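The structure appears right after this line, and notes come after that.
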Amino acid sequence: MEQPLHQGPADWLDAPGRWTFLDPAAERLADLVRALPLGRARDVLHGVPLGHPLHPALAQVPIGCWLAAGLLDATRIDDAAARRLTAAGLLTLPPVLWAGWVDWARLPPVQRRTGLVHATSAVTAALLHLRSLRARRRGHGLRGRLLGLSGTTVVGLAAALGGHLAYRQAAGAAHAEAEFRLAPPDWHPLGATADFPVGVPVRRHLGEVAVVVVHGADDGWTVLADRCTHMAASLAGGELVDGCLQCPLHQSRFRLADGHPVQGPATAPQPRFETRVLSDHLEARPPL
């Protein structure tokens with residue numbers, strides 16, 4: 001087998017996505033997380049009200065606390081403040097982990113493997129900072145500082161994996177964000193109105209962009225991007241639930257009226273196209 005010509009940090013961060021031995025444990029853990037009776041709190045943890053995943057925003061708090069503690073340790077300006085910042089990072093960690101696990105449980109296998117290594121690194125960093133705090137409280141300043149430095153180093157690795165997961169592997173990214181730009185700018189025919197049964201999602205193309213057409217019972221029309229914003233599944237295979245189109249893969253629900261998610265894990269709205277009917281034919285275009 002030929003060796004790759006270049007090995008860089010991106011290739012190293014890609015490696016956990018190929019570790020298939022993680023799959024049995026990851027699947028069992030994902031089942032447990034999905035089965036938790038979180039109710040509407042699950043959507044809050046996904047970040048649905050925020051419009052993007054909540055976990056990366058929350059993660060800045062403990063990371064910032066631990067980084068500040070490390071800087072104080074390096075300068076020896078205020079050992080008591082460094083101890084308080086270490087404790088603050090630990091106290092703010094639980095919601096970060098909850099939000100991360102809820103997002104992680106809805107990822108495909110490759111991203112799930114990377115996410116599991118990311119989460120393991122974060123938990124390891126937290127344990128190191130916990131030991132650092134205990135050492136500081138018992139008067140073992142040098143040991144506490146060394147453990148804190150180790151914890152911050154490990155959390156830096158976790159952050160690198162998290163960024164790789166979010167951006168290169170597109171976990172949490174809006175997968176349909178470009179559809180308006182790729183669709184033809186003018187009105188484009190989608191078919192005769194008789195070709196669209198009432199209440200049945202139908203897949204069509206607006207130029208090269210796949211869309212899903214819903215003919216409402218009130219003779220209204222909805223045309224959404226077919227690619228789900230969460231993980232790019234085809235919405236044409238979904239079903240209508242309470243005025244929403246539900247994704248068949250992870251059960252995200254998008255309101256037909258405006259494309260906004262009312263149930264996660266999707267956090268970004270589904271692109272919604274303008275429609276008109278001319279001579280019993282449906283046409284659509286991106287909004288002006």
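Everything numeric here is computed off the predicted structure, so don't read it as measured data.
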If every non-hydrogen atom of [X] is compared with every non-hydrogen atom of [Y], which pair is closest and at what distance?
X: E179; Y: A210; answer: OE2-O, 4.4 Å
X: F180; Y: P287; answer: CE2-CD, 3.4 Å
X: A284; Y: L206; answer: O-CD1, 3.5 Å
X: A105; Y: R34; answer: O-NH1, 2.7 Å
X: H175; Y: A173; answer: CD2-O, 3.1 Å
X: P197; Y: D195; answer: CD-O, 3.4 Å

Taking atom [atom1] of [X] and atom [atom2] of [Y], what is their separation to the nearest 0.5 Å?
X: L29; Y: L22; atom1: CG; atom2: CG; result: 11.5 Å
X: Q270; Y: F273; atom1: CD; atom2: CZ; result: 9.5 Å
X: L278; Y: T193; atom1: CG; atom2: OG1; result: 11.0 Å
X: L190; Y: R203; atom1: CG; atom2: CZ; result: 12.5 Å
X: L116; Y: L165; atom1: CG; atom2: CG; result: 11.0 Å
X: H250; Y: C228; atom1: NE2; atom2: SG; result: 8.5 Å

Enumerate the side chain to side chain donor-acceptor pair (under 3.5 Å) contacts for residues 47-63, please, sequence neighbours excluded, ordered by first and then second residue.
none
Per the side chain to side chain donor-acceptor pair (under 3.5 Å) rule, what does the pair list look like for residues 275-288, sequence neighbours excluded?
E274-R285, R276-E283
State, with a plain yes or no, whether a side-chain heavy atom of [X] is found less than 4.5 Å away from one of [Y].
X: P269; Y: F254; result: no
X: L245; Y: P201; result: yes
X: V117; Y: W19; result: yes
X: R106; Y: V33; result: no
X: V212; Y: V223; result: no
X: L142; Y: H140; result: no

Using the side chain to side chain contact (heavy atoms under 4.5 Å, CB included) rule, take L13 and D11 through it: C-alpha gap first, then chi angles, then the decisive distance, then the call.
CA-CA 5 Å; L13 293 170; D11 302 287; over 6 Å; no
Under the 3.5 angstrom rule, does the side chain of [X] hit a backbone N or O of [Y] as a donor-acceptor pair?
X: T153; Y: L149; answer: yes
X: T229; Y: A174; answer: no
X: S132; Y: G144; answer: yes
X: R84; Y: D79; answer: no

Path from [X] to [Y] over hydrophobic side-chain contacts below 4.5 Å:
X: L130; Y: L67; value: no
X: V202; Y: L224; value: no
X: L107; Y: L54; value: yes
X: V154; Y: V123; value: no
X: L249; Y: W104; value: yes

Which residue pairs pass the ring pair (Phe, Tyr, Trp, His ring centres under 6.0 Å) test when at least one of the two sits in residues 72-97, sequence neighbours left out?
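Applying ring pair (Phe, Tyr, Trp, His ring centres under 6.0 Å) to every pair that reaches into residues 72-97, excluding sequence neighbours, yields nothing.
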Run R253 and D242 through side chain to side chain contact (heavy atoms under 4.5 Å, CB included) and show every step you take.
CA-CA 9 Å; R253 292 183 185 177; D242 298 329; 4.2 Å; yes
Applying ring pair (Phe, Tyr, Trp, His ring centres under 6.0 Å), name anything that partners H215, two or more places apart in sequence or on another chain.
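Applying ring pair (Phe, Tyr, Trp, His ring centres under 6.0 Å) to H215 gives W221.
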Hits for ring pair (Phe, Tyr, Trp, His ring centres under 6.0 Å) against H129, two or more places apart or cross-chain, chain-then-number order -> W66
Non-neighbouring partners of [X] that pass side-chain hydrogen bond (donor to acceptor under 3.5 Å, both in side chains), sequence neighbours left out:
X: R40; result: D43
X: R168; result: D14
X: R181; result: none
X: D78; result: none

Do T75 and L71 pass the side chain to side chain contact (heavy atoms under 4.5 Å, CB included) test, and can you show the C-alpha distance, the side-chain angles, and the key distance before you say yes or no?
CA-CA 6 Å; T75 57; L71 292 174; 5.8 Å; no
Is it true that atom [atom1] of [X] has more than 12 heavy atoms of other residues, nucleotides or ligands lying nearer than 6.0 Å?
X: D219; atom1: CG; value: yes
X: E27; atom1: CD; value: yes
X: R113; atom1: CZ; value: yes

Passing option when D73 is tested against R83, R136, R145 for salt bridge (charged side-chain N to carboxylate O under 4.0 Å, His left out)
R136
Show which side-chain atoms of residues 255-267 pair as donor or acceptor with protein atoms under 3.5 Å away, not counting sequence neighbours.
residue : atom : partner : partner atom : Å
R255    : NE   : D258    : OD1          : 3.0
R255    : NE   : D258    : OD2          : 3.3
R255    : NH2  : D258    : OD1          : 3.4
R255    : NH2  : D258    : OD2          : 2.7
D258    : OD1  : H260    : N            : 3.0
Q263    : NE2  : Q251    : O            : 2.8

Which donor-acceptor pairs under 3.5 Å do the side chains of residues 85-103 make with protein atoms, sequence neighbours left out?
residue : atom : partner : partner atom : Å
T86     : OG1  : A82     : O            : 2.9
T92     : OG1  : A88     : O            : 3.0
T92     : OG1  : G89     : O            : 3.2
D103    : OD1  : H46     : ND1          : 2.7

Expected list for residues 234-241: side-chain donor-acceptor pairs under 3.5 angstrom, two or more places apart:
residue : atom : partner : partner atom : Å
S234    : OG   : D226    : OD1          : 3.1
S234    : OG   : D226    : OD2          : 2.8
S234    : OG   : A236    : N            : 3.4

